[in-house]
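Basis for what follows: all heavy atoms, side chains included, without hydrogens, waters or symmetry-related copies. Counting starts at 1 for both ligands and their atoms, following the listed order. Just so it is clear, the model here is predicted, and its values are computed rather than measured.
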Amino acid sequence: MAPPPRRTREEEHAPPPEPTAWVLAGRAFVQGRLQSVEIAISEEGTILSVGKVRPGPRRHDVGEAVILPSATDLHVHFREPGGPSGVESIESGTLQAALGGVALVGEMPNTTPPVTDSEALADKAVRVHRRAAVDVLLYASPTNPRALRSLARRAGAFKLYLSPTTGIAEPPAPADLAPLLGRLGELGLPVSVHAEDPTEFETEVPAKDTVDWDAGRPPAAEQTAIERLLRDAPPSLRLHVAHVTLGSSVARLRRAGISFEATPHHLLLADRRDSDARRKVNPPLRAESERKLLWEAFVRGEVPVLASDHAPHSADAKALPFALAPSGMPGVETLLPLMLARVRAGQLPLPILTASACDRPARWLGQPHGRIAAGHRAHLLVVDFRQRTRLEGRHLHAPCGWTAFEGREGIFPREHYFYGRRIVADGEFVGGARGAVVRPEFAPTSR
Ligand code: NCD
Ligand code: ZN
């Protein structure tokens with residue numbers, strides 16, 4: 001009989017392995033495909049190991065359903081502090097995330113006041129404590145040069161707007177962009193950029209519908225902003241481009257090796273001659289032919305990250321004449337369900353969805369989850385692909401009460417495990433307020 005393998009010095013000094021608290025068994029998405037496995041989970045909520053058979057005190061078999069990693073939505077606006085009352089909060093936003101299968105959200109800094117210094121950041125962190133259903137990573141806005149260093153020690157990432165949008169009046173002057181990106185490169189945090197160049201906007205004629213809105217903030221605005229970024233960003237910058245809308249931007253950013261996201265609304269909805277302002281969003285929805293190019297690139301696996309840009313506004317604000325209505329729509333709860341329905345319809349490969357919604361966004365934010373693998377957090381979903389629903393704003397959990405995806409098909413997770421504890425059962429929230437503020441734990445790989 002072979003002698004037992006010798007233990008290395010590290011193993012002799014390593015703490016004893018954590019005991020298995022329970023085992024989740026079923027067909028799971030592991031190493032790029034669905035396989036029948038058992039997942040050993042610790043009391044602290046870490047995946048200890050994944051294999052054919054795992055001994056453990058408790059075992060939960062998911063039967064005909066499948067086990068997927070939870071998603072990360074790295075682009076949400078939860079409107080706190082300072083948002084209009086009843087539209088959104090950290091509590092209501094993270095509840096929608098939990099129900100939609102999202103275990104971590106990246107919360108944007110265009111709140112009131114904006115997160116431009118450590119005090120505003122600390123205030124937001126206090127608001128997460130004991131109120132959030134899932135984890136929250138807080139973005140800061142890098143518009144105050146004196147606050148940059150202290151923000152970099154406390155924030156999870158930076159968000160830079162190159163154009164005016166909700167809550168952002170003044171983007172940096174063109175000449176200031178290169179020095180700012182240079183400083184951000186030295187600070188090391190991930191940086192997401194809203195890439196529209198306002199010098200390309202054509203806003204003389206008030207927009208009456210989403211076709212006008214598209215013409216007013218045209219594709220050229222995205223292309224020019226991306227070129228400026230590629231010219232001015234130092235190689236050290238952990239750069240990510242938010243809500244890309246064009247097939248040509250996908251090709252350009254892939255060539256440059258830079259992380260970027262597409263949203264479900266730009267992937268699934270096109271502009272049209274319709275004055276319903278619920279479809280008004282920045283950057284605008286594009287023509288059907290352009291939407292199709294983006295969708296096809298996504299299906300080929302060329303879009304690294306799927307993110308919602310969840311940006312709710314009240315139904316009343318959206319009922320204003322189109323030109324006056326604010327831009328933005330809710331989406332964190334429907335991000336994954338919309339795409340799971342496309343997987344079920346045979347239009348989207350599951351490995352491409354899990355890579356873009358679960359694995360890559362978590363890695364860009366330096367978070368150890370998004371894969372079913374030993375050492376990762378046990379953020380896990382149980383999905384029954386037979387449980388299809390029609391989306392209805394009044395049955396979703398966004399306080400604004402509407403969705404631009406009304407009537408579309410969705411598949412919601414039946415169960416959601418957050419650090420190994422069940423927070424969704426039979427599609428209902430059964431968790432608590434255990435979400436916390438997280439910061440990058442390792443260098444994200446965007447380049
Ligand atoms: C966002 C909002 O309302 O906060 N609106 C939007 O149209 N996406 C701001 C933004 O991300 O541009
Ligand atoms: Zn946004």
Side-chain angles (χ1 to χ4, degrees), residues 72-84 87-90 92-93 97 102 105-115 124 136-141 143 156-172 190-198 201 203 207 210 212-214 216-217 221-222 225 240-245 260-267 269 271 276-286 305-318 320 322-332 334-335 361 398-400 402-404:
T72 289
D73 188 349
L74 57 69
H75 189 160
V76 304
H77 303 263
F78 287 166
R79 307 297 189 211
E80 209 184 319
V87 170
E88 198 63 280
S89 66
I90 288 168
S92 58
V102 171
V105 293
E107 218 285 320
M108 290 294 170
N110 62 332
T111 32
T112 314
V115 182
K124 215 180 245 196
V136 180
L137 180 138
L138 297 174
Y139 285 80
S141 173
T143 50
F158 282 109
K159 173 66 181 285
L160 177 63
Y161 292 87
L162 299 186
S163 70
T165 184
T166 316
I168 303 289
E170 287 276 327
V191 178
S192 170
V193 180
H194 181 125
E196 285 184 285
D197 185 336
F201 290 177
T203 46
T210 47
D212 293 348
W213 195 242
D214 179 11
R217 299 174 74 117
E222 178 170 311
H240 172 90
V241 178
H243 39 50
V244 155
T245 66
F260 59 96
E261 80 204 22
T263 67
H265 47 274
H266 292 113
L267 287 164
L269 306 176
D271 62 13
D276 185 349
R278 289 180 301 185
R279 286 180 165 222
K280 184 179 179 187
V281 65
N282 296 335
L285 301 181
R286 302 298 184 196
V305 172
L306 180 74
S308 72
D309 190 9
H310 175 89
H313 294 279
S314 71
D316 286 349
K318 285 293 201 178
L320 289 168
F322 191 91
L324 302 178
S327 290
M329 59 173 75
V332 66
T334 51
L335 174 84
C400 68
W402 59 273
T403 172

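In terms of protein heavy-atom proximity, atom 11 (O) of ligand 1 is nearest to His77 NE2, 3.2 Å. Looking from atom 8 (N) of ligand 1 to the surrounding protein, the closest heavy atom is Asp309 OD2, 2.8 Å.
Remark: side-chain polar atoms of Glu196 are not paired, donor with acceptor, to backbone N or O of Asn282 under 3.5 angstrom. Under a 3.5 Å cut-off, the side chain of Lys318 and the backbone N or O of Gly328 do form a donor-acceptor pair. In this structure, His77 contributes its side chain and Glu88 its backbone to no donor-acceptor pair below 3.5 Å. Side-chain atoms of Thr165 never come within 3.5 Å of backbone atoms of Ile168 as a donor-acceptor pair (strictly under, hydrogens ignored).
To the nearest 0.5 Å, atom CG of residue Leu138 and atom OG1 of residue Thr111 are 9.0 Å apart.
Looking at Ser327 next to ligand 1, an N or O pair under 3.5 Å apart turns up. In terms of polar-atom proximity, defined here as any N/O pair under 3.5 Å, His243 makes no such contact with ligand 1.
At a heavy-atom distance under 4.0 Å, only side-chain atoms of Arg79, from C-beta outward, approach ligand 1. At a 4.0 Å heavy-atom cut-off, ligand 1 touches Asn282 through backbone and side chain alike. At a 4.0 Å heavy-atom cut-off, ligand 1 touches Thr165 through the side chain alone. Residue contacts with ligand 1 for Asn110 involve side-chain atoms from C-beta outward but no N, CA, C or O (heavy atoms, distance under 4.0 Å).
Each of the following atoms of ligand 1 lies closer than 4.0 Å to a heavy atom of His313: 3 (O). Near Gly328, with a cut-off below 4.0 Å to any heavy atom, the atoms of ligand 1 are 5 (N), 6 (C), 7 (O). Atoms of ligand 1 lying under 4.0 Å from any heavy atom of His194, numbered from 1 in the order shown and given with element: 12 (O).
Of all the N, O or S atoms in Asp309, the one closest to the Zn ion (ligand 2) is OD1. The N, O or S atom of His75 with the smallest distance to the Zn ion (ligand 2) is NE2.
Ring geometry for His310 versus Phe78: interplanar angle over 60°, hence perpendicular rather than tilted (30 to 60°).
A salt bridge (Lys or Arg N to Asp or Glu O under 4.0 Å) with Glu107 holds for exactly one of Lys124, Arg79, Lys159; it is Lys124. Of the candidates Ser141, Pro172, Ser192, Pro172 is the only one forming a side-chain contact (heavy atoms from CB on, under 4.5 Å) with Leu160.
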Let me see the working for Trp213 and Leu285 under side-chain contact (heavy atoms from CB on, under 4.5 Å), right down to the final yes or no. CA-CA 8 Å; Trp213 195 242; Leu285 301 181; over 6 Å; no
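The Zn ion (ligand 2) has no N, O or S atom of His194 under 2.8 Å away, backbone or side chain.
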